[in-house]
J.: 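Structure incoming, see below.
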Amino acid sequence: TLMRSSAASDVYKRQMLECIREIDALGMLIPGQSPEWVADFLFRHFRGVVIDWVLHRGSYPLLPKLEQDYTLFREIFQTK
């Protein structure tokens, strides 16, 4: 199952990278950061949020936390 989990993670990360490349092509990514770096950063962050939620035994609602973080990162990484 670890191999399956790793393969699924790779698929999600590639999909995220494709989206970020589209954003970059529109000139909406902050200068100086490659789409690959941004995808890796965001993937690691959001994976960490889920791990934190598990470690806290689901004691807080996960979706609002992910949405809050997404909103912050959208503002940070977007130039327009």
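Computed from heavy atoms alone, side chains included, the values below leave out hydrogens, waters and symmetry copies.
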J.: Do you reckon Phe43 sits in the same ILVMFWY cluster as Val11, going by side-chain contacts under 4.5 Å, direct or chained?
T.: no
J.: Can we call the ring centroids of Tyr70 and Phe46 under 6.0 Å apart?
T.: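 No - the distance between ring centres of Tyr70 and Phe46 does not fall below the 6.0 Å cut-off.
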J.: Compare all side-chain heavy atoms of Asp40 with those of Leu17 and state whether any distance is below 4.5 angstrom.
T.: no
J.: What is the distance from atom CD1 of Ile20 to atom NZ of Lys13, rounded to the nearest 0.5 Å?
T.: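 The distance works out to 10.5 Å.
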J.: Calculate, to the nearest 0.5 Å, the distance between atoms CD and CZ belonging to Gln68 and Phe73 respectively.
T.: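 Those atoms lie 10.5 Å apart.
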J.: In the single-linkage hydrophobic clustering (I, L, V, M, F, W, Y; side-chain heavy atoms under 4.5 Å), do Val38 and Met16 co-cluster?
T.: yes
J.: Take Asp10 and Arg14, measure what salt bridge (Lys or Arg N to Asp or Glu O under 4.0 Å) needs, and give me the verdict at the end.
T.: CA-CA 6 Å; Asp10 290 344; Arg14 272 183 277 153; 5.3 Å; no
J.: Does Met28 reach the side chain of Asp24, with side-chain heavy atoms less than 4.5 Å apart?
T.: no
J.: With the 4.5 Å side-chain cut-off for hydrophobic clustering, are Phe41 and Ile51 part of the same group?
T.: no
J.: Given side chains that start at C-beta, do those of Tyr60 and Lys65 come closer than 4.5 Å, heavy atoms only?
T.: yes
J.: Treat each ILVMFWY residue as a node, draw an edge where side-chain heavy atoms are under 4.5 Å apart, and state whether Leu63 and Val50 are in one component.
T.: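 No, it is not one cluster - the side chains of Leu63 and Val50 are not joined through contacts under 4.5 Å.
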J.: Ignoring hydrogens and angles, tell me if any N or O in the side chain of His56 forms a donor-acceptor pair with the backbone of Asp52 under 3.5 Å.
T.: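 Yes; at least one donor-acceptor contact below 3.5 Å.
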J.: Cluster question for you: counting only ILVMFWY and a side-chain heavy-atom cut-off of under 4.5 Å, with indirect links fine, are Leu26 and Ile23 together?
T.: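 Linked, Leu26 and Ile23 end up in one cluster.
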